[in-house]
Amino acid sequence: MKQGALQLGVAPPANRGIAILDFFLRLIAIVGTLASAIAMATTNQTLPFFSQFVRFRAKFNDLPSFTFFVVASAIVCAYLILSLAFSILHIAKSKAVNTRFLLLFLDTAAMGLLMAGSAAATAIVQLAHKGNNKVNWFAICQQYNDFCKRFPGL
């Protein structure tokens, strides 16, 4: 076979390198979205109030924005796991153009969903830390300190 000729079914080196990079970036994104969903879903704190029988509890699902963040992260994580099959297909076959466009479209939708969940959670985190005195929303992080320490990195 000549040096410049391509074999059928074998991806050119440039396309194969990009496909391998895409595969590893998807693996990193799976770990990140799964870790953030688990970290937020396991966030809770209980405070005693006057006695041991009356307690206040703060959980992630008390705030709908945090629930949306967990659900959005879980959906994107599941999508990324399922898209690994297409990523492997692109490593093996460089001519799979239609699935590349499908992944481009679905990746954009997943990114939008994840950004919406992150923005909603960030707005509530800002209120939890700072509060809003104009509407009498007090900062809850002064009381629920352990609860608030869990989500600044999300």
Side-chain angles (χ1 to χ4, degrees), residues 11 15-94 96-154:
N15 286 344
R16 183 172 289 208
I18 292 171
I20 291 171
L21 178 66
D22 174 63
F23 180 78
F24 283 116
L25 288 175
R26 287 183 189 282
L27 289 177
I28 292 169
I30 288 169
V31 171
T33 55
L34 184 63
S36 65
I38 290 172
M40 183 62 83
T42 58
T43 300
N44 61 11
Q45 183 180 1
T46 304
L47 291 176
F49 184 73
F50 290 124
S51 71
Q52 66 182 15
F53 300 112
V54 179
R55 295 175 181 239
F56 289 127
R57 185 170 189 185
K59 293 174 56 177
F60 84 97
N61 58 357
D62 292 337
L63 298 164
S65 296
F66 288 165
T67 305
F68 176 55
F69 175 77
V70 170
V71 170
S73 295
I75 289 171
V76 171
C77 184
Y79 159 71
L80 288 169
I81 290 170
L82 293 175
S83 71
L84 285 177
F86 285 121
S87 189
I88 292 170
L89 174 73
H90 294 152
I91 292 172
K93 294 188 176 195
S94 66
V97 176
N98 292 336
T99 56
R100 289 184 194 267
F101 283 120
L102 176 67
L103 278 183
L104 177 67
F105 176 74
L106 293 175
D107 285 348
T108 305
M111 188 251 342
L113 178 64
L114 192 60
M115 290 302 291
S118 298
T122 301
I124 296 302
V125 167
Q126 177 69 20
L127 279 175
H129 281 286
K130 305 277 185 188
N132 189 341
N133 292 332
K134 293 179 182 176
V135 291
N136 289 330
W137 290 342
F138 301 109
I140 66 165
C141 287
Q142 296 169 355
Q143 292 83 20
Y144 294 99
N145 197 18
D146 291 340
F147 178 74
C148 291
K149 284 182 182 176
R150 292 286 303 268
F151 48 72
L154 300 178

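Residues forming a side-chain contact (heavy atoms from CB on, under 4.5 Å) with A29 (at least two apart in sequence, or on another chain): L80. Shown here are the side-chain contact (heavy atoms from CB on, under 4.5 Å) partners of L113, two or more places apart in sequence or in another chain: F68, A72, I75, V76. Judged as a side-chain contact (heavy atoms from CB on, under 4.5 Å), and not counting sequence neighbours, the contacts of A41 are F60, V70.
Rounded to the nearest 0.5 Å, atoms OG1 (T99) and CG (L104) are 11.5 Å apart. A distance of 11.5 Å separates CG of L114 from CG of D107, quoted to the nearest 0.5 Å. Atom-to-atom distance recorded for R16:CZ and I91:CD1 is 8.0 Å, nearest 0.5 angstrom. Rounding to the nearest 0.5 angstrom, the gap separating the CE atom in M40 from the CZ atom in F69 is 5.5 Å. Atom CG in L34 sits 7.0 Å away from atom CD1 in I81 (nearest 0.5 Å).
Residue pairs meeting the salt bridge (Lys or Arg N to Asp or Glu O under 4.0 Å) criterion with at least one member in residues 66-85: none, sequence neighbours excluded. Sorted by first then second residue, the salt bridge (Lys or Arg N to Asp or Glu O under 4.0 Å) pairs that include residues 116-130, not counting sequence neighbours, number zero.
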List the steps, then state whether side chain to side chain contact (heavy atoms under 4.5 Å, CB included) holds for S83 with L106. CA-CA 9 Å; S83 71; L106 293 175; over 6 Å; no
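Across R100 and K93, no two heavy atoms sit closer than the pair NH2-O, 4.1 Å. When all heavy atoms are compared, the tightest approach of Y79 to A110 is CD2-CB, 3.8 Å.
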Acceptor/donor pairs from residues 18-25 side chains to any protein atom, 3.5 angstrom cut, sequence neighbours excluded:
| unit_1 | atom_1 | unit_2 | atom_2 | d |
| --- | --- | --- | --- | --- |
| D22 | OD1 | R26 | NE | 3.3 |
| D22 | OD2 | R26 | NE | 3.2 |
| D22 | OD2 | S87 | OG | 3.0 |

